[in-house]
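Have a look at the structure below, then the notes.
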4 protein chains.
Amino acid sequence: MAPLNEEQLIQIRDERREQILAAALSVFSRRGVAGTKMSMIVKEAGISHGLVYHYFKSKEELFVTLVKGAIEGAQEAMSFVTSLPGTAYDKIRKLVEEMMDEEGAPFFQLIYQARTSDGVPEEARILINQYTLDDYVSILRPLFEEGQRDGTIAPGDPGELIAGFLTVLTGVMMVGSVDERQFRIPDIEMLMRMISK
Amino acid sequence: MAPLNEEQLIQIRDERREQILAAALSVFSRRGVAGTKMSMIVKEAGISHGLVYHYFKSKEELFVTLVKGAIEGAQEAMSFVTSLPGTAYDKIRKLVEEMMDEEGAPFFQLIYQARTSDGVPEEARILINQYTLDDYVSILRPLFEEGQRDGTIAPGDPGELIAGFLTVLTGVMMVGSVDERQFRIPDIEMLMRMISK
Amino acid sequence: MAPLNEEQLIQIRDERREQILAAALSVFSRRGVAGTKMSMIVKEAGISHGLVYHYFKSKEELFVTLVKGAIEGAQEAMSFVTSLPGTAYDKIRKLVEEMMDEEGAPFFQLIYQARTSDGVPEEARILINQYTLDDYVSILRPLFEEGQRDGTIAPGDPGELIAGFLTVLTGVMMVGSVDERQFRIPDIEMLMRMISK
Amino acid sequence: MAPLNEEQLIQIRDERREQILAAALSVFSRRGVAGTKMSMIVKEAGISHGLVYHYFKSKEELFVTLVKGAIEGAQEAMSFVTSLPGTAYDKIRKLVEEMMDEEGAPFFQLIYQARTSDGVPEEARILINQYTLDDYVSILRPLFEEGQRDGTIAPGDPGELIAGFLTVLTGVMMVGSVDERQFRIPDIEMLMRMISK
DNA sequence: CATGAATGAGGATTCATTCAT
DNA sequence: AATGAATGAATCCTCATTCAT
């Protein structure tokens, strides 16, 4: 899944800005808002404390900026996949592949952090709650219904199916990126079986 | 000549200890170590700051105590399930049910926090790394192999199957307990499909 | 040097009270007021926290009580020695012996602590400043003047001689009770040479 | 591209460090580790709380740093004095003068505090115990033996003589710097008499 | 634009003291 | 009289943020 789209790249054209955001994403996604110290971001980015504040008003703003990008990226990925050629099953499989790739993980973690963390104030929370699970369900529903009609997707309420499936994917990404010895990301076939007939 | 007899004191201590641990579990599991302030635990438990330190040396010790309990609980649940009567499939289904119940969630979150958080020092990390995924795989392997022989469990390397399945379950519990509007825990049938033939 | 005189013993007739005072003296003299925790006294005395407060209003009162006893004891010891038979030199030597014995040390330390410590409020400070060095000098002056006349005590202002000598004795007691490997209390002959002709 | 060049930064850091150490020495030596609150050091140094921790990891490290300096200083002073020209007696007298000067007192007090205080952890205690009285005795022994041979120093075991003498000097410095009205540092002649023939 | 010394509000922890039993 | 659980003010320390250079 593409982490940031074209427009965002334009918006974040400044090299320094990107550098800081990349460092911040890396740390926030691993440790959450409260667990992240500015000094960690500063160190990861290889710059001075002061410079961060030239580009971002606060730790919060840094986090909110990242969350915005993650949400938009996720939406785009889903919309993009529905517009691909092929069977419904193949499209869904493609989406799962995109979500599971390395670049996708930090964004899932970020959104999870945003939902649980404490330091996350209004703005990020509002942003996140704007895009509830139902929005994603709406985007994917036609695809799943098509799959149910052609007999490749399991029967039942497609809303529940999608919601449960996205929850599983998010959970796996959250947990799977920690440590090989502790968790193992299942292969795509196994995941697809969950929604297959 | 204690004004309260030994028994009463022990009872008071045990009760307080449990009360504090329950409050701490609730907060830690939601916010992680760094995100948890002692004041939150204190408020949740309805006691004074000082009293926590009467029973636990530090925030860390509190966390480690909880992690120990969670690990022991998980091991017990798995061992218990394998000893139940019934088919392999039924036993696994029973295990999933147990893991997915409301009381289970905080423990999964706790262990996730323990693996990611920062304030978690040696002791908790060692404890956790002692019980790697492989240990759990070992306990459940006979069950899965039996299921593969009787044709109820999907074929393939049972180790991979179990590891992936446990990862999914953990991820779902992590993420699923946040907010109904954001995530939805899939029903057991859907989860079981992942490992079913 | 007798640590507490008859009257004081009557006053502190209660066994518990004595027990607490003894424990407190031992700890205060070693660690000072700020360095002493009630829990240390409680442990040393082998009683409960609450009980200390049956006998003493506060840590402060405990300290002040001890300081009072120490001051009175020191004064008495000096007066007592001047009234003994023998030459001036012998009397002074006797005083030094008394001061240097094991029981004397805690009181010197206590008075030093009282002069330097911070937690010592008005009452103790007033008590201590009531009995300044000059008072002790007054008591001992006749003895030293006699010694100068009979040629056993070094010449010079007897006030300075006494003040310096008492300061040395106090310092030695302070420092000498710490650790054999670190400090060594000099023998009496060596100390006496300081004021001998 | 640092706005302040390397040299300036180093200079600022060194100055601040010294400023904090000076303030800390002043407070620690008077009140001991437990009796010293960071706010006192902060006030004495005229800086903010946070800045102390920019330069020293903890109150302990601050204390340990000072103790190290004190020990090194004492050793140097002794070694230096033995290398001076003049008679043994003169050299010893010179050493006493050096030890007794105003700047010396805090160091003696510091070392005393380090030996008695409680908050003093391993590192300081080890440092101090590395340099026992015996080490100082070794350095000064040739000087005292020379003095005994030329008839200016009192006879007897030079080890005992030195150990007792250093103990007295330390005690005097400890006690003597408190309050003129309470203690009086004896003049050098008086102190020297203790070891003179 | 860039640095890092400096600040201080906030959080963890200690410990004198109280109080129900 | 005696206990020890319980309290909370005071202390140490951290870390987001500012600012002189």
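The chains referred to below are lettered A, B, ... by the order of the sequence lines, with proteins before strands, and numbering in each begins at 1.
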Enumerate the ring pair (Phe, Tyr, Trp, His ring centres under 6.0 Å) contacts for residues 16-48 of chain D, please, sequence neighbours excluded, ordered by first and then second residue. D/F28-D/F63

Is B/F56 touching bases, backbone alone, or none of the nucleic acid, heavy atoms closer than 4.0 Å? nothing

Give the rounded distance in Å between these two atoms: CG of D/L9 and C1' of E/dA6. 13 Å

Distance check needed: F/dA2 P versus B/N5 CG, whole Å only. 19 Å

Let's see if you can work this out: which of F/dA1, E/dA5, E/dA2 has an atom nearest to the side-chain heavy atoms of D/R13? E/dA5

List for me each residue that meets side-chain contact (heavy atoms from CB on, under 4.5 Å) alongside A/H54, sequence neighbours excluded, and say none if there are none. A/L51

Between the side chain of B/K59 and the main-chain N/O of B/V33, is any donor-acceptor distance below 3.5 Å? yes

So do the side chains of A/L62 and A/K57 get within less than 4.5 Å of each other, counting heavy atoms only? no

Treating primed atoms plus P, OP1 and OP2 as sugar-phosphate and everything else as base, which nucleotides of nucleotides 13-18 of chain E get B, S or - for protein heavy atoms under 4.0 Å? BBBSBB

Nearest-nucleotide pick for C/H54, side chain only, options being E/dT3, F/dG8, F/dA2: F/dA2

Between D/Q8 and D/N5 (side chain of the first, backbone of the second, donor and acceptor by atom type, cut-off under 3.5 Å), is there such a pair? yes

Assert: residue with more 5' nearest nucleotide on DNA chain F, out of B/I47 and C/V52, is C/V52

Atom CZ of A/R17 and atom C1' of E/dA2 are separated, to the nearest Å, by 17 Å

Protein-nucleotide distance (D/I20, atom CD1; E/dA5, atom P), rounded to Å: 12 Å

By nearest heavy atom, map A/Y55 and D/I12 onto DNA chain E; which one lands nearer the 5' end? A/Y55

Stem ranges of DNA chain F by first residue number, counting only runs of at least 3 Watson-Crick or G-U pairs under 3.5 Å, come to E:2-21 with F:2-21

With a cut-off of less than 4.0 Å, is there a side-chain N or O of D/R16 near OP1 or OP2 of E/dA6? yes

Which residues satisfy the side-chain contact (heavy atoms from CB on, under 4.5 Å) test with D/K68, sequence neighbours excluded? D/V64, D/E123, D/L127

Among residues at least two apart in sequence or on other chains, which ones pass side-chain hydrogen bond (donor to acceptor under 3.5 Å, both in side chains) with B/E72? none

Kindly compute the distance separating CG (C/L110) from OG (C/S26), expressed to the nearest 0.5 Å. 11.0 Å

Show me the donor-acceptor pairs, under 3.5 Å and distance only, between side chains in residues 15-22 of chain D and residues at least two apart or in other chains.
unit_1 : atom_1 : unit_2 : atom_2 : d
D/E15  : OE2    : D/Q11  : NE2    : 2.9
D/R16  : NH1    : D/Q19  : OE1    : 2.6
D/Q19  : NE2    : D/A45  : O      : 2.8

